[in-house]
Number of protein chains: 2
Amino acid sequence: MLPIGRLARESGVKIPTIRYYESIGLLPEPARSEGNRRLYPVEAVRRLKFIRHARELGFEIDAIRRLAQMAQHPADPCCEADLLARERLAEIEDKIAKLAAQRDELLRMIGECAHGKVAECGVIDVLGDHDKCLHHRH
Amino acid sequence: MLPIGRLARESGVKIPTIRYYESIGLLPEPARSEGNRRLYPVEAVRRLKFIRHARELGFEIDAIRRLAQMAQHPADPCCEADLLARERLAEIEDKIAKLAAQRDELLRMIGECAHGKVAECGVIDVLGDHDKCLHHRH
DNA sequence: GTACGATCTCCAGTCACTGGAGAAGCAAGG
DNA sequence: CCTTGCTTCTCCAGTGACTGGAGATCGTAC
């Protein structure tokens, strides 16, 4: 049984975050020592690493809840895991596209700046007039 | 002088958001009618559009505060606007890179899924074992 | 006069943490 | 036995940028 500090070190998840996960029901409540300290079984490391990894891939807590649930039932069909991953993928593609549009616009703005006074600054100028944008839907 | 609803329509910024901007000092407090309604001068439309545009490009409120400040002083040098835009650009590049790494990883995970049981699912499998990742720093 | 829409203020909720305050447990050294 | 210092405890407030609801009031048209 590990105390919370060791679990944090081994899983790479901070102590307050572990407690937070417990409070929202993503981690089960662990056993307690006589002095009321949390004591985790060794599997908790694996579970927390799983959660951390999913967070690093940008999955929301609710999605992770379901993924973690599935991971505990290896005989079930995995179509939902597939679906969640595809949804996340679509979200990512969308974000990348939006960011790329922002990047292009910023590059153009910076390029149009005379680097002198505000009056001739492309950055301020374009911000003040959306019609000067290439991508009207960013 | 425009009431808040008209300002919202013409600027494309929602009413609660306008009031929020006022509360944080991004918009000056407008005049009031006898019945305590906000009454904006016509320039407020331009200012709000400027803010909206900057938000759409992902600038934080604090950066917008400075950009809007600069826009009102056309004779000042614009190096700070330049700098803010370059910082935002760097942020975007960084985010895109991270998202691209996540996308690649997800694609690989989905590709490795046998689409049957959880036990053979690439998605669940890779989540449970970070060592199976190509990019160890996502 | 009354119905309806626009607006008012205030407050709570979103998401996923993060950090501080103040108290208590615990192991080692003197 | 006592102190020192580390770890952990609970509770609560803050982050960013809004968003939305409750309940009251204003303004106008019929």
Side-chain angles (χ1 to χ4, degrees), chain A residues 1-27 29-40 44 47-48 50-68 84 87-88 91-92 95 98 102 138, chain B residues 1-27 29-40 44 47-48 50-68 84 87-88 91-92 95 98 102 138:
Chain A
M1 302 291 262
L2 331 167
I4 197 168
R6 236 171 91 83
L7 177 60
R9 240 173 295 128
E10 300 201 5
S11 66
V13 177
K14 290 187 199 154
I15 292 177
T17 305
I18 295 176
R19 287 198 278 245
Y20 167 71
Y21 287 161
E22 182 186 327
S23 80
I24 60 167
L26 183 55
L27 272 185
E29 291 185 24
R32 297 281 182 140
S33 76
E34 285 189 16
N36 199 35
R37 307 302 177 78
R38 288 171 180 81
L39 287 180
Y40 295 90
R47 184 167 173 109
L48 258 185
F50 181 97
I51 293 170
R52 198 190 97 202
H53 195 180
R55 284 296 300 141
E56 282 167 356
L57 288 173
F59 286 100
E60 292 181 3
I61 298 287
D62 272 358
I64 297 175
R65 226 185 277 274
R66 293 202 246 138
L67 288 168
L84 287 170
E87 281 172 2
R88 175 64 193 144
E91 238 179 71
I92 291 174
K95 276 196 187 173
K98 287 199 173 108
Q102 290 181 17
H138 55 224
Chain B
M1 303 291 261
L2 331 167
I4 198 168
R6 235 171 92 84
L7 177 60
R9 241 172 295 128
E10 300 201 6
S11 66
V13 177
K14 290 187 200 154
I15 292 176
T17 305
I18 295 175
R19 287 198 278 246
Y20 168 70
Y21 286 161
E22 182 186 327
S23 81
I24 60 168
L26 183 56
L27 272 185
E29 291 186 23
R32 296 284 181 139
S33 75
E34 286 190 14
N36 199 35
R37 305 306 174 78
R38 288 170 179 82
L39 286 179
Y40 295 90
R47 184 167 172 108
L48 258 185
F50 181 97
I51 293 170
R52 199 190 96 201
H53 195 178
R55 283 297 298 141
E56 282 168 357
L57 288 173
F59 286 100
E60 291 180 4
I61 297 288
D62 272 358
I64 297 176
R65 227 185 277 272
R66 295 203 246 138
L67 289 168
L84 286 170
E87 282 173 3
R88 175 62 193 146
E91 238 180 72
I92 290 174
K95 275 195 188 176
K98 287 200 173 107
Q102 289 181 18
H138 54 224

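Sequence lines set the chain letters: A, B, ... in the order given, protein chains first and strands last, and positions in each chain run from 1.
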Item to check | Nearest-nucleotide 5' precedence on DNA chain D, B:Ile61 against A:Gly35 | outcome: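 Per heavy-atom nearest nucleotide, the more 5' residue is A:Gly35.
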Ignoring backbone atoms, test whether [X] places a side-chain nitrogen or oxygen under 4.0 Å from the OP1 or OP2 oxygen of [N].
X: A:Arg55; N: C:dC17; result: yes
X: A:Thr17; N: C:dT18; result: yes
X: A:Arg38; N: D:dT10; result: yes

Round to a whole Å and report the spacing from [atom1] of [X] to [atom2] of [N].
X: A:Lys14; N: C:dG19; atom1: NZ; atom2: P; value: 5 Å
X: A:Ile18; N: C:dA16; atom1: CD1; atom2: P; value: 18 Å
X: B:Arg52; N: D:dC18; atom1: CZ; atom2: P; value: 12 Å
X: A:Glu34; N: C:dA24; atom1: CD; atom2: C1'; value: 15 Å
X: B:Leu39; N: C:dT7; atom1: CG; atom2: P; value: 10 Å
X: B:Tyr20; N: C:dT7; atom1: OH; atom2: C1'; value: 21 Å
X: B:Leu7; N: C:dA6; atom1: CG; atom2: P; value: 15 Å
X: B:Arg6; N: C:dA6; atom1: CZ; atom2: P; value: 13 Å

Next on the checklist: Testing the basics here: between B:Ile15 and B:Gly5, what is the closest heavy-atom pair and its distance to 0.1 Å?
Outcome noted: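 Heavy atoms only, the tightest pair is CD1-CA, 3.9 Å.
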Item to check | Closest contact, heavy atoms only, B:Arg65 versus B:Ile24 | outcome: NH1-O, 2.8 Å
Next on the checklist: Quick one: does any side-chain atom of A:Arg47 pair with a main-chain N or O of A:Leu27 as donor and acceptor, under 3.5 Å?
Outcome noted: no
Checklist entry - Which is it for A:Arg88 and A:Glu60 under the side chain to side chain contact (heavy atoms under 4.5 Å, CB included) test, yes or no, and what are the steps along the way? => result CA-CA 9 Å; A:Arg88 175 64 193 144; A:Glu60 292 181 3; over 6 Å; no
Looking only at side-chain atoms of [X], point me to the closest of [options].
X: B:Arg32; options: C:dT7, C:dT9, C:dA16; value: C:dT9
X: B:Ile4; options: C:dA16, D:dT19, C:dC8; value: C:dC8
X: B:Tyr21; options: C:dG19, D:dC18, D:dG20; value: D:dC18

Next on the checklist: Could you check whether A:Arg38 pairs with A:Glu22 (Lys NZ or Arg NE/NH1/NH2 to Asp/Glu carboxylate O, under 4.0 Å)?
Outcome noted: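 Salt bridge: yes.
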Checklist entry - Between the base of D:dC26 and the side chain of B:Arg37, is there a donor-acceptor distance below 3.5 Å? => result yes
Next on the checklist: Both A:Arg19 and B:Asn36 contact DNA chain C. Which one's nearest nucleotide lies toward the 5' end?
Outcome noted: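 Result: B:Asn36.
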Checklist entry - Checking all strands, does B:Ile15 fall into the base, sugar-phosphate, or nothing category for heavy-atom contacts under 4.0 angstrom? => result sugar-phosphate
